[in-house]
Amino acid sequence: MKNIEISVIFKNIAKLLTIKGEASFRIKSYEKAADIISDLAEDVSELIEAGKFQSFSGIGKTIEDKSKEILETGTCQAYEKLIAEMGIEALDLLELRGVGGKTAGVLYNDLGIKNLNDLSYALDSGKLQGVKGIGKKTLETISDSLIFLKTYKGTRILARCLDIAKHLSKILDNCDSVNQYQFTGDVRRLEEVCRSIEIVVECSDDIIATKNALVETFSTHQQPLQTVINEPQNYTAKIPILEPIEKIHLFVDSGLPVTVYLCSAVDFESVLFLTTPTPEHLNAIPSVNERCESKESLTELQNKTEVEIYDKLGMSFIPPELRKYPDSVTLAIEDQLPQLIEFNDLRGDLHTHTDWSDGAHCMEDMVEAAIARELDYYAITDHSVSSSVANGLDQQRLLKQIKYVHQLNEKTEGITLLAGSEVDILRDGSLDYSDEILAQLDIVVASVHSNFTLSEAEMTKRVICAIENPYVMIIGHLTGRLLGRRQEYPINVPEIIHAAAENNTILEINGSPSRLDLGPEYVRQAKEAGVLIAVNTDAHSIPESERYKYGVNVARRSGLTKEDVLNTYPLEQLRQILNRDIS
DNA sequence: GCCGTTTTCGGCCCGACTGTTTTCAGTCG
């Protein structure tokens, strides 16, 4: 049980209590505890054991007791009772744009709307018209948001899927007749949002016996992750050729579908080969295409590794991340696939926060984590004054911080610290700081944090105005999306990419697993336009320094090489690239 | 629910801004 899972339970308790209309301070306490726990650098279990957990202000006896219970049983009774009473789906109401605690309470308590289906029905039947506090515009917002949430219903962000994958791995590791296994499909392609988890399992002898053993384990295992065996009536495999392969279907994590393919050693890698790509990609492989449409066995692929399969098909090996679109097939046939960027190609992080603004840890601790990552350079980019919620720095504090960064840099061995800022792009496209101040910064990341409801034309003009500011080096999380929760705001990305190319402005891949903004579709366009990309963590705490992995995943899925990414360059070269003519 | 004690319970409340609604709920990191 990891901190993040305990944190989620407390967050959900807070949400359910909010909808119920419980006392606000009790709710706040759960929210605060959830925030503290998710930012901890140490495991809750270790802190409890050492008697240090309650030394954090906001963690009391009740939270410690419940945390212990969660660590032991995977959940706590108070939470289970709330779920039994209100239904876990009530939580979805709070995910809607335009719906906060009060409105969710009105929907749930006064109108009997318990989940998104009820809400959908209420919207269609006009039940929400004339409800006090919900006007025409709010109804529109809720309605749009409902459509968006339904599109993502049943999906999970990659970070969550990788956690689930770890749980499932423990179960498979303990099954004697499993020789080896590998995650495939969406998870192997490292999709930002996964629709399902798929696993290929190589069985040691009797496939049916292994299947029965695994079904038994999935039904009775003691892991904190609940699994429910599902036997679909009319299941058809994504591609007919996989029909004869034995499968187990189950649900995890309250509704995420899992498919386990069970095969013998001779078929292991060919099943992996067939299940990793999207159907669109697989269909583009000429010699495989026809056979996948039939149920005949693909015997010529048996007993081969994936590399050998690609070789036999007359093409170079395609990394799993590139098996989404068909175009990589052509490149592989021509032996023209890009040499994808690797994790350790990154030499620095150009977007990070500290407790000077809304980060959880002090600058020294964040820098220490960067040194542990063996980075060559590290930019401190706390929020600017307009992000008052995030304790953004006014000009005076920024000047003080610049000095502090320089001093810390003097004292610190093995890494170069860069003084920076994540500057708000204001409504009219201007920035929070004067040019005089911006000129003193090594790194200027400019981001939109407010006024998300402008028209596409206004928003595009706003960001282009920032791009044209000669002091702006990087545009942070360009589209403002939160995966599965908030749509991108309206903005013309191709126009932005064009402006970035004209002004030598860098676009960011933000490594926050709930953002991963820009996504591969846009990054590919940016690369084509010759725009450099920065892969940043936007870390607000030490654990979040690990987010670079997600950022690199997106870069790889976008077909980026080391040369396409700004922060793979040595510091001197980075300075040259950023040191544009400023008159 | 947590904290800090006047040690048995009262006070706690991100906050500036937007925008819909008509006084306040929702939003942002």
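All heavy atoms count here, side chains included; hydrogens, waters and symmetry mates do not.
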For A:Phe25 and B:dC12, say yes or no: do the ring centres fall under 5.5 Å of each other while the ring planes differ by less than 30°?
yes
We want to know whether A:Asn391 and A:Ser357 form a side-chain donor-acceptor pair, criterion being a heavy-atom distance below 3.5 angstrom.
no
Answer with yes or no whether the side chains of A:Lys102 and A:Thr18 bring together a donor and an acceptor at under 3.5 Å.
no
Atom pair distance, as rounded to whole Å: CD1 in A:Ile36 and P in B:dC14:
13 Å
Determine the contact category for A:Tyr489: base if any of its heavy atoms lies under 4.0 Å from a base atom, sugar-phosphate if only primed atoms, P, OP1 or OP2 are that close, otherwise nothing.
nothing
Donor on one side chain, acceptor on other, A:Gln401 and A:His406, under 3.5 Å:
no
If you take the centroid of each ring, where Trp contributes its six-membered ring, are A:His383 and A:His449 closer together than 6.0 Å?
yes
Using the P atom as the reference point in each nucleotide, state the distance between B:dA16 and B:dG11 in Å, no decimals.
24 Å
Can you confirm whether the side chains of A:Asn492 and A:Thr460 place a donor and an acceptor under 3.5 Å from each other?
no
Using a heavy-atom cut-off of under 4.0 Å over every strand shown, decide if A:Lys136 touches base, sugar-phosphate, or nothing.
sugar-phosphate
Whole-angstrom distance between B:dT7 and B:dC14, as gauged at atom C1':
31 Å
Any chance the side chains of A:Asn510 and A:Glu508 put a donor and an acceptor closer than 3.5 Å?
yes
Roughly how many Å is it from CG in A:Asp432 to C1' in B:dC17, rounded to a whole number?
14 Å
Any luck finding a side-chain donor-acceptor pair between A:Glu544 and A:His353 under 3.5 Å?
no
I want to verify a distance call: between B:dT18, B:dT20, B:dC2, whose nearest atom is closest to the A:Ser29 side chain?
B:dC2
A:Gln54 CD to B:dC2 P, in whole Å, measures 8 Å
Assign A:Ile27 to base, sugar-phosphate, or nothing according to its heavy-atom contacts below 4.0 angstrom with the strands shown.
nothing
Would you mind reading off the distance between A:Glu22 atom CD and B:dC13 atom P, rounded to a whole angstrom?
20 Å
How is A:Ser57 classified with respect to the nucleic acid when contacts are heavy atoms under 4.0 Å: base, sugar-phosphate, or nothing?
sugar-phosphate
Tell me, for nucleotides 22-29 of chain B in 5' to 3' order, what letter each nucleotide earns: B for a base near a protein heavy atom under 4.0 Å, S for only sugar-phosphate near one, - for neither?
S--SSSBB
Which atom of A:Tyr433 lies closest to which atom of A:Val385, heavy atoms considered
OH-N, 3.8 Å
Reading 5' to 3' through nucleotides 5-11 of chain B, protein heavy-atom contacts under 4.0 Å coded B for base, S for sugar-phosphate only, - for none:
-------
To the nearest Å, how far apart are A:Lys61 NZ and B:dG1 C1'?
13 Å
Gap in Å between the two P atoms, one belonging to B:dG15 and one to B:dT22, rounded:
27 Å
With P as the reference atom in both, quote the distance from B:dT23 to B:dC17 in angstrom, rounded to an integer.
24 Å
Looking just at side-chain N and O atoms, do A:Ser430 and A:Asp428 make a donor-acceptor pair shorter than 3.5 Å?
yes
Answer yes or no: does atom NZ of A:Lys11 have more than 12 heavy-atom neighbours from other residues, nucleotides or ligands under 6.0 Å?
yes
For B:dT20, is chi within 90° of 0 (syn) or not (anti)?
anti
Integer angstrom distance from the P of B:dT27 to that of B:dT20
12 Å
Distance, rounded to the nearest Å, where A:Glu31 contributes CD and B:dC2 contributes P:
14 Å
Is a donor from one side chain sitting under 3.5 angstrom from an acceptor on the other, for A:Asp432 and A:Ser384?
yes
Please determine, for B:dG11, whether a Watson-Crick or G-U wobble partner exists with both distances under 3.5 Å, and give it or none.
B:dC2
Tell me: CG of A:Asn451 to P of B:dT20, nearest whole Å?
13 Å
Can you see if the side chain of A:Thr453 gets near the phosphate of B:dG19 - specifically, an N or O under 4.0 Å from OP1 or OP2?
yes
Which whole number of Å gives the distance between the P atom of B:dC13 and that of B:dT5?
15 Å
Whole angstrom value for the distance that separates P of B:dG4 from CD1 of A:Ile59
14 Å
